Amino acid sequence: MSSTHTGGADATAAPIAFRELLPSPGGADADPAAAYAYPGDLDRPWVRANMVASADGGAIGPSGRSRDLSSAPDRRVMGALRALCDVVLVGAATARVEGYGPVRVRRAWEGLRAGRPRTPAVAVVSRSLDLPEALVTEAPADARTLVFTTSDSPAQRRRAIAEHADVVVVEGVSVTPAHVVNGLAERGLYRVLTEGGPHLLAEFVAAGLLDELCLTLSPHLLGSGAPRIVAGGPDTPGAPDQASAQSTPVRMAHLLEAQGSLFARYVRE
C-alpha cells in the first residue's frame, strides 16, 4: 500500500538520484516520471498498483502502517505515480489506517497534469461507509472523491456522503474489481493507481485485472508475522471469495535504486 496519504514531491524537495539497474545497467539520474509513464492511447482503464515491502516480504511495519518502510526516494516515486494517474484507488480499511485525505496539489506536478485536474481524485471501496471525514468532504470540486459501495450499505450514511462525493451503488453483497473498473471507465478515468490495501490488491490479482505492480523493496527485515502485500486465502476475513486460479506471468519493465531501496516495475504479460 502507499506509504502515506500525503505523498508527492514539492519543487523545493532535496534532489534524489535514481540509478537504473535494468534494463540499462549503470544508467544514472533516471527520471521517475518518465520511467513510470502509462502506456499511450489507452482505450480502457490500466490498473497499476503501488506497494512497499520489506526485504523479507512484510508489508506492514511495527506501527501497523506501511509508512514504517518508506523513505524519501519511496515518497518521490509515489509522488510521480500520483502525478501521472487519473485516480487513486484504495480500500476503506487502508484509508482509515493510513489516514487518507484528498491528494494534495503539488506545483511540481503541473507539467504532468496538463489538461486534467491539478490533482487526481481518490476512489474508495467500502461496504460500511466508515471513511475518514476529510476524504469525503475536503476534495476539490474537479476531483471529487468517488465511493463504491453496495445497495445494503447504511442508507443514511450513503445520503450524507453523496452531498460531498460521487457515490456508485452496486447491487449485491460486494463491490467486485469489475464493478470498479467499469465505473472508472464510464468516467474516463483510465490511468488507475491502486495503493491497496492487501485485500483489495488480492481481489484485483484474483480477477486478472491488475496490469502492473510497482513494488518498492525497503531495506528492512520485519521477521515472521508481518502481512504480505496481498491478503491470505479465501478463508481470510476480507480476502477475495476465490483464490487466484493460476500464476500470472509478469515481466520486469525496469529496476531502479536509490538510497538502498529498490524500485521494480512489473507488467503483466
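Below, all heavy atoms of this structure are taken into account, side chains as well, without hydrogens, waters or symmetry copies. Being a predicted model, the structure only gives us computed values, none of them experimental.
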Completion exercise
Between the OG atom in S126 and the CG atom in L135, the distance rounded to the nearest 0.5 Å is 10.0 Å

Handout entry: Atom of G64, atom of V97 and distance for their closest heavy-atom approach
Key = O-CG1, 3.6 Å

Handout entry: Reported CH2-to-CG distance for the pair W46 and L210, which is rounded to 0.5 angstrom
Key = 9.5 Å

Handout entry: Distance-minimising heavy-atom pair for V168 and R187
Key = CG2-NH2, 3.3 Å

Practice task
Run the salt-bridge test on E212 and R191 with the 4.0 Å N-O cut-off and return the result as yes or no.
Solution key: no

Practice task
Report yes if the side chains of T94 and L200 come closer than 4.5 Å at any heavy-atom pair, otherwise no.
Solution key: no

Handout entry: Pair L209-V180, side chain to side chain contact (heavy atoms under 4.5 Å, CB included): steps then yes or no
Key = CA-CA 10 Å; L209 290 175; V180 174; over 6 Å; no

Problem - Close side-chain approach of T194 and F204, heavy atoms under 4.5 Å - result: no

Handout entry: pair P198-R228: side-chain heavy atoms closer than 4.5 Å
Key = no

Handout entry: Beyond-backbone contact of H254 with P23, side-chain heavy atoms, under 4.5 angstrom
Key = yes

Practice task
Taking all heavy atoms of Y190 and all of D43, pick out the closest pair and write down the distance.
Solution key: CE1-C, 3.7 Å

Completion exercise
side chain to side chain contact (heavy atoms under 4.5 Å, CB included) filter on A253, not counting sequence neighbours, yields R251, R265, V267

Practice task
Check side chain to side chain contact (heavy atoms under 4.5 Å, CB included) between R113 and all other residues, then give those that pass, not counting sequence neighbours.
Solution key: W109, R116, P120

Practice task
Consider only side-chain heavy atoms of I, L, V, M, F, W and Y, link residues closer than 4.5 Å, and tell whether V52 and L221 are in one cluster.
Solution key: no

Exercise for the section: Just do the side chain to side chain contact (heavy atoms under 4.5 Å, CB included) check on V103 and V88 with the steps written out, would you? Expected result: CA-CA 8 Å; V103 179; V88 175; 4.1 Å; yes

Handout entry: Those residues that, when tested against D152, pass side chain to side chain contact (heavy atoms under 4.5 Å, CB included) (two or more places apart)
Key = T150

Exercise for the section: Answer yes or no: does atom CD of E269 have more than 12 heavy-atom neighbours from other residues, nucleotides or ligands under 6.0 Å? Expected result: yes

Practice task
State the CZ-CG distance between F148 and N182, to the nearest 0.5 angstrom.
Solution key: 9.0 Å

Practice task
Can you see which heavy atom on D86 is nearest to which on G188, and at what distance?
Solution key: OD2-O, 4.1 Å

Practice task
Report the residue from L215, L213, L193 that forms a side chain to side chain contact (heavy atoms under 4.5 Å, CB included) with N50.
Solution key: L193

Practice task
Indicate yes or no: at least one non-hydrogen side-chain atom of V136 is less than 4.5 angstrom from one of T145.
Solution key: no

Problem - Student check: side-chain heavy atoms of V77 and F18 closer than 4.5 Å - result: yes

Practice task
Report yes if some heavy atom in the side chain of L262 is under 4.5 Å from a heavy atom in the side chain of L21; otherwise report no.
Solution key: yes

Exercise for the section: Nearest 0.5 Å please: distance from the CD atom of E195 over to the CE atom of M51. Expected result: 9.5 Å

Exercise for the section: Mind listing the closest non-hydrogen atom pair of P62 and D68 along with its distance? Expected result: N-OD2, 3.0 Å

Practice task
Consider only side-chain N and O atoms of E98 and S66, and report whether a donor and an acceptor are under 3.5 Å apart.
Solution key: yes

Exercise for the section: Using distance alone, with no hydrogens and no angle criterion, decide if T216 and D74 have a side-chain donor and acceptor under 3.5 Å apart. Expected result: yes

Exercise for the section: Measure from the side-chain N and O atoms of R158 to the backbone N and O of V167, and report whether any donor-acceptor pair falls under 3.5 Å. Expected result: no

Fill in the blank from the handout: Sorted by chain and residue number, the side chain to side chain contact (heavy atoms under 4.5 Å, CB included) partners of V170 (sequence neighbours excluded) come out as V175, H179

Problem - Side-chain touch E163/R159, heavy atoms, less than 4.5 angstrom - result: no

Practice task
Can you see which heavy atom on Y36 is nearest to which on L256, and at what distance?
Solution key: CE1-CD1, 4.4 Å

Practice task
Please collect all salt bridge (Lys or Arg N to Asp or Glu O under 4.0 Å) contacts where either partner lies in residues 165-175, sequence neighbours excluded, each pair once.
Solution key: R144-D166

Completion exercise
The reported gap from CZ in R96 to OG in S128 (rounded to nearest 0.5 angstrom) is 5.0 Å

Fill in the blank from the handout: The side chain to side chain contact (heavy atoms under 4.5 Å, CB included) partner of V147 among L131, V169, V125 is L131

Problem - Rounded distance [0.5 Å steps], CG in L201 versus CG in L89 - result: 10.0 Å

Fill in the blank from the handout: Residue pairs passing the side chain to side chain donor-acceptor pair (under 3.5 Å) test with at least one member in residues 17-26, sequence neighbours excluded, are R19-E257

